[in-house]
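Step one of this worksheet: look at the structure below.
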Amino acid sequence: MPHLLPVGIGLSSISSMHNTRSTSRLLRASRPELNPGVREVKCESSVSFDNSKYEMNSMKRKKLSRVLELNGEHPKKEVDIVPDIEDFRYDKIKAEASISTDGVPASSIVAPENWEAVLGGIKSMRLSGEAPVDTKGCEKAGSLLPPKERRFAVLISTMMSSQTKDEVTHAAVERLSENGLLDPDAIVRTDETTLANLIKPVGFYQRKAQFIKEASKVCLKRFGGDIPDSLTELLALKGVGPKMAHLVMSIAWKNTQGICVDTHVHRISNRLGWVYREGTKQKTTTPEQTRMSLEKWLPKDEWEPINPLLVGFGQTICTPLRPKCVNCGINTLCPSAFKEPSSPNPKQKKRGLGRT
């Protein structure tokens, strides 16, 4: 009976390697009369291996592949070599990582685990209403004024609130009211220096005085003394960003189109593990990234109350520096509990707790 040769190894290839040690190993691995522990492999549609006897180690497989490559033959296509189990495991892991069991990509945004319990716990802690935002936030500006005048007061209060404590913003609104300046026409007729001095010590008070005066002119010219009633037109006002525009729409017009994310909402959402940058598992770095991430899973009926809820929580318990995890009712659910430094960075001691 003639000797059978493995698929893809010709007589010319074997004869050219007779005088090398690698050739000897190749022949022993491929010819049954030289290596009785290997079954004959015939050119049939179905090829089977006796894996218990075919025990070629990694080093031998590499040398065999190298010999075949030098002779212009492709080792994987032309020689039936059993791959390592690690190769199968690697491919399986990659496949499972890209596709979830229900056919939805694994990177899809889903609601965080236990978010309802966490939110309920925060609501319970906020029942006391002792946070500054509860009595002096932008939501309270002009609360006793007629609707049109109140909307303007909310806009002005919101424009001053950036990087400023609620208490400071509220006091500035009170001074403007006492001087009859919660009115666009009155503001336009007042010089910027007087306006700036009245709202001082609001953060960046001089620049904000300029923006408030310009916004007042737009309100008079285009909206009859009222404020814009759309996000696009609010964002067109100098000094008004996405956070402010969403807040004004919710408070002034009762039209919540998005979540108002300030420094407290941004910080707390990341501490709770509620938000991630698009396509990653990394924390968001800007309030806008936080807003977009939150809006993908948080029910819309929570969009309006989430801001004052988390702002007050951030002012009283989940503070920027040294959060009071011991007093927090959700410290067993929070992934960041008790992980903040025990003492603040000296350069950060004077940071305020206002909105940004």
On a heavy-atom basis, which atom in [X] and which in [Y] lie closest, and how many Å separate them?
X	Y	answer
Phe313	Ile268	CD2-CD1, 3.8 Å
Gly225	Pro184	O-CG, 3.6 Å
Lys283	Asn270	CB-OD1, 3.1 Å
Leu294	Ser269	CD1-OG, 3.6 Å
Asp229	Met249	O-CE, 3.4 Å
Ala153	Ala141	O-CB, 3.8 Å

Taking C-beta and beyond as the side chain, do [X] and [Y] meet within less than 4.5 Å on heavy atoms?
X	Y	answer
Leu272	Ile330	yes
Arg271	Cys318	yes
Tyr276	Thr284	no

Test item: [X] side-chain N/O and [Y] main-chain N/O as donor-acceptor pair under 3.5 Å:
X	Y	value
Ser161	Thr158	yes
Asn255	Ser250	no
Ser216	Ile212	yes

Exercise. Tell me, with the steps shown, if Val311 and Asp166 meet side-chain contact (heavy atoms from CB on, under 4.5 Å).
Key: CA-CA 10 Å; Val311 168; Asp166 283 327; 4.2 Å; yes
Taken in chain and number order and not counting sequence neighbours, the residues that satisfy ring pair (Phe, Tyr, Trp, His ring centres under 6.0 Å) with Trp303 are none
- Salt bridge or not for Lys140 and Asp134, using N-O below 4.0 Å? no
| message | Salt bridge or not between Glu278 and Lys296? Use side-chain N to carboxylate O under 4.0 Å. | response | yes
Quick one: hydrophobic cluster around [X], which other residues, with the 4.5 Å side-chain cut-off, linked directly or via members?
X	answer
Phe338	Val326
Leu144	none
Leu220	Val188

How many angstroms lie between atom [atom1] of [X] and atom [atom2] of [Y], to the nearest 0.5 angstrom?
X	Y	atom1	atom2	result
Cys219	Asp183	SG	CG	10.5 Å
Asp262	Leu310	CG	CG	8.5 Å
Thr169	Glu174	OG1	CD	12.0 Å

For Thr316, give me all partners under side-chain hydrogen bond (donor to acceptor under 3.5 Å, both in side chains), at least two apart in sequence or on another chain.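 If we apply the side-chain hydrogen bond (donor to acceptor under 3.5 Å, both in side chains) test to Thr316, skipping adjacent residues, there are no hits.
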Sorted by chain and residue number, the side-chain hydrogen bond (donor to acceptor under 3.5 Å, both in side chains) partners of Thr285 (sequence neighbours excluded) come out as Gln289
Residue pairs, two or more places apart or on separate chains, that pass salt bridge (Lys or Arg N to Asp or Glu O under 4.0 Å) and touch [range]:
range	value
residues 200-223	Glu214-Lys238, Arg222-Glu233
residues 112-124	Lys123-Glu302
residues 144-153	Arg151-Asp226

Holding to side-chain contact (heavy atoms from CB on, under 4.5 Å), I want the full list of residues that pass it with Thr280, two or more places apart in sequence or in another chain.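 In terms of side-chain contact (heavy atoms from CB on, under 4.5 Å), with neighbours along the sequence ignored, Thr280 is linked to Arg277, Gln282.
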Exercise. With sequence neighbours left out, which residue pairs that include part of residues 129-187 fulfil the ring-ring contact (aromatic ring centres under 6.0 Å, His included) condition?
Worked result: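 ring-ring contact (aromatic ring centres under 6.0 Å, His included) check on residues 129-187 returns no pairs.
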> In chain order, what residues pass the salt bridge (charged side-chain N to carboxylate O under 4.0 Å, His left out) check against Arg291, with sequence neighbours excluded?
Replying inline: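 Listed in chain order: Glu288, Glu295.
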